[in-house]
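Structure, as structure tokens:
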Amino acid sequence: MKKTVLFTIFGGTGDLARRKLYPSLFRLYQKGNLGEDFAVIGTARRPWSDETYHEVIKSSIASFQPSNKEAEDFASHFYYQSHNVKDTQHYDALKKLSDELDEKYSIQGNRIFYLAMSPNFFGTIVSHLKSQGLLNTNGYHRVIIEKPFGNDYQSAADLNDEINQVFTEEEIYRIDHYLGKEMIQNISAIRFANLIFESIWNNRYIDNIQISLAEDVGVEERGGYYDKSGALKDMVQNHILQMLSLLAMKPPVAFSEKEIRTEKIKALESIRMFSEEEVRKNFVRGQYVAGEIGDDQFRGYREEENVDENSLTETFVAGKFLIDNFRWSGVPFYVRTGKRLTEKGTRINVVFKQVPVNVFKDSVTGPCDQKSLAPNILTIYIQPTEGFSLTLNGKEIGQGFQTDPIKLEHRNSSDIIENTPEAYEKLLLDALNGDGTNFTHWDEVAQSWKIVDRIRETWDKDQQTPPGYRAGTMGPDEAYQLLEKEGRHWVWEPDEWYRQRGLLK
């Protein structure tokens, strides 16, 4: 069904709008989710004309190779207004243009406001939307907000209070693009559509769960922002804790926005709040130093542009979360994320417990020197490839009863991945449909910040330089010791990591 709506994008000239929002809107237009009864207003400080804006739009969708007519027709729905978010008169002009477009395209007063700007401006923008009458229509009003949502719990709560003065919780869509990824959404399908997994999805059968989110790039042009944020706030507070909540939540009564959200919040609230000593014991950080990936040489974090030469900001985090409920008591959830690691990739490894008795260790059918068996592992590949695998033990070919891990594996083909809706495309369509399932509720954001604040406060109190790790490795030694001291190891180690240590067979 085609949607009638007026999008207003604050930050319409920015990188996010060009790389993600305009291409996603075009895909929705191509697929018929957006017909002719929609319009987009882009606002920013730059003094562009509509014609300039149209060229930017057409450039942003060029990779889809639209015909000239298709590109022109799509771009004709876009309008630009130079805008100062602090200037009340600019909102009056924005209201005038919005009302004109509402009548021209028969939009029926449906409005979505996308705040692709610094959170510092969120309160100012939404208060002006209300005071200057941009919400005085008979249609729906929704606001989409990009991360970061605050810098800690208190700033997030203050920001939420400001926005709640104008929009209800049901009208607020806090975007986490990871929740739009195909295999993140597949977590629920794997769990709840397969009795083989859901029946053993608990501490009786699972030994540990590992979430790895690795980036091979450095901070690039984001040095100024990143040096005030770090890996903990940039990745753990949102992406990683969202994945953890989907893995740990109990089965919802129904697969609906309300029920899923309720269970995710319960899971987050069950995460143990560590003391300072427990933080030091269970979380480690790191900061990349000069190194290489393949033939490429890379400078250290402190040599990056706009980064303090004495920076204590972490570019790597590894840690262990514990969930205090009957389902997960005693099962560690290990997480790690970092920049300038060996390779780019996000995956989840569910490591199952060993069989109670290894009947093959003293096999009478032939030689067998295995004192222990390899664990069964369910791996969910999120990016850059998509799919999953199940590692099982099978018999090695030949004499004796030596076992050998084998993989039952499925990966989506490149054609499927290429034609899979991009995360932003999915989330924009959800917002159009009024479905907040794959967006973050305030209660989720609040609890995530409370968890992360406890870790951050301990590190800030210690004021220690994070251990260094060479660019091109998978983090500092302390990240490996975190698991080794408990008799475990990271399941995912890229071949390059082994090569650098002369361990590759």
Side-chain angles (χ1 to χ4, degrees), residues 11 14-16 45 116-122 146-156 158-159 212-241 274 276 279-280 282-293 296-319 335-344 448-482:
D15 184 58
L16 174 68
R45 281 185 171 274
M117 298 185 71
S118 167
N120 297 337
F121 299 116
F122 289 175
E146 278 285 339
K147 78 175 185 77
F149 195 86
N151 298 308
D152 53 22
Y153 170 74
Q154 191 56 56
S155 62
D158 292 343
L159 177 58
S212 296
L213 200 162
E215 298 180 279
D216 57 0
V217 298
V219 294
E220 300 176 303
E221 73 282 354
R222 298 173 70 219
Y225 158 76
Y226 197 90
D227 208 36
K228 294 180 177 63
S229 172
L232 183 68
K233 293 182 180 182
D234 195 42
M235 291 295 194
V236 177
Q237 185 273 331
N238 37 73
H239 304 329
I240 285 180
L241 283 175
F274 288 140
E276 288 184 4
V279 168
R280 295 184 184 103
N282 294 307
F283 275 83
V284 301
R285 51 185 168 158
Q287 188 184 88
Y288 66 83
V289 297
E292 66 280 335
I293 300 178
D296 297 320
Q297 302 291 320
F298 296 101
R299 60 189 174 184
Y301 175 71
R302 293 184 176 185
E303 288 79 56
E304 298 280 18
E305 188 175 349
N306 297 321
V307 171
D308 186 335
E309 62 181 13
N310 297 310
S311 175
L312 302 180
T313 301
E314 77 285 352
T315 61
F316 176 94
V317 174
V335 304
R336 62 175 172 174
T337 182
K339 290 190 174 295
R340 282 280 181 247
L341 301 184
T342 309
E343 65 184 48
K344 176 184 175 69
S448 296
W449 272 124
K450 289 176 183 177
I451 294 166
V452 163
D453 280 355
R454 188 68 62 89
I455 302 167
R456 181 79 267 162
E457 287 163 6
T458 300
W459 287 350
D460 288 346
K461 185 176 182 179
D462 291 347
Q463 284 292 297
Q464 293 181 354
T465 301
Y469 64 95
R470 285 189 299 112
T473 64
M474 286 299 284
D477 291 341
E478 286 81 354
Y480 296 92
Q481 295 162 7
L482 181 70

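Note that the structure is predicted; figures quoted are calculated from it, not measured. Side chains included, hydrogens not; waters and symmetry mates left out as well; all remaining heavy atoms used.
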Does Ser448 offer a backbone N or O that forms a donor-acceptor pair with the side chain of Asp453 under 3.5 Å? no
CD of Glu314 to CG of Leu312: how many Å apart, nearest 0.5 Å? 10.0 Å
Show the nearest heavy-atom pair for residues Met474 and Tyr480, with the distance to one decimal. CB-OH, 3.1 Å
Can you measure from CG (Asp308) to NZ (Lys228) and round to the nearest 0.5 angstrom? 9.5 Å
Kindly indicate whether the side chain of Asp216, heavy atoms from C-beta on, has any atom under 4.5 Å from the side chain of Arg340. no
Glu305 side chain vs Glu221 backbone, donor-acceptor pair below 3.5 Å: no
Provide the closest heavy-atom pair for Tyr225 versus Pro148 in the form atom of the first, atom of the second, distance. OH-CG, 4.1 Å
Determine whether Ser311 and Gln287 make a side-chain contact, defined as any pair of heavy atoms from C-beta on separated by less than 4.5 Å. yes
Sequence neighbours excluded, the answer for ring pair (Phe, Tyr, Trp, His ring centres under 6.0 Å) partners of Tyr226 is none
Does any non-hydrogen side-chain atom of Pro466 lie less than 4.5 Å from one of Tyr301? no
Taking every non-hydrogen atom, the tightest pair across Gln237 and Lys233: CB-O, 3.8 Å
Are the side chain of Lys344 and the backbone N or O of Val217 linked by a donor-acceptor pair below 3.5 Å? no
Give a yes or no on this: more than 12 heavy atoms of other residues, nucleotides or ligands lie within 6.0 Å of atom CD of Gln463. yes
Calculate, to the nearest 0.5 Å, the distance between atoms CG and CZ belonging to Asp227 and Arg302 respectively. 9.5 Å
With rounding to the nearest 0.5 Å, note down the distance linking CD in Glu457 to NZ in Lys461. 10.0 Å
What are the two closest heavy atoms between Gly286 and Pro476, and how far apart are they? CA-CG, 4.2 Å
Are Ile240 and Val317 packed together at the side-chain level, in the sense that at least one heavy-atom pair is separated by less than 4.5 angstrom? no
To the nearest 0.5 Å, how far apart are CG in Leu341 and CZ in Arg470? 12.5 Å
For a quick test of reading the model, state the closest non-hydrogen atom pair linking Phe316 to Arg336 and the distance between them. CZ-CB, 4.2 Å
Is there a side-chain contact between Met235 and Glu215, using heavy atoms and a 4.5 Å cut-off? yes
Counting heavy atoms not belonging to Asn282, are there more than 12 under 6.0 Å from its CG? yes
So do Trp459 and Val279 actually touch side chain to side chain, heavy atoms under 4.5 Å? yes
Is it true that Gln464 and Arg285 share a donor-acceptor pair across their side chains at a distance under 3.5 Å? no
Thr313 (side chain) donor-acceptor with Gly230 (main chain) under 3.5 angstrom: no
With rounding to the nearest 0.5 Å, note down the distance linking CG in Asp234 to NE2 in His239. 6.5 Å
Would you confirm whether Glu146, through its side chain, and Leu16, through its main-chain N or O, come within 3.5 Å as a donor-acceptor pair? no
Checking the side chain of Thr315 only, and the main-chain atoms of Tyr288 only, is there a donor and an acceptor separated by less than 3.5 Å? yes
Verify the distance criterion only: is there a donor paired with an acceptor across the side chains of Asp152 and Ser155 at less than 3.5 Å? yes
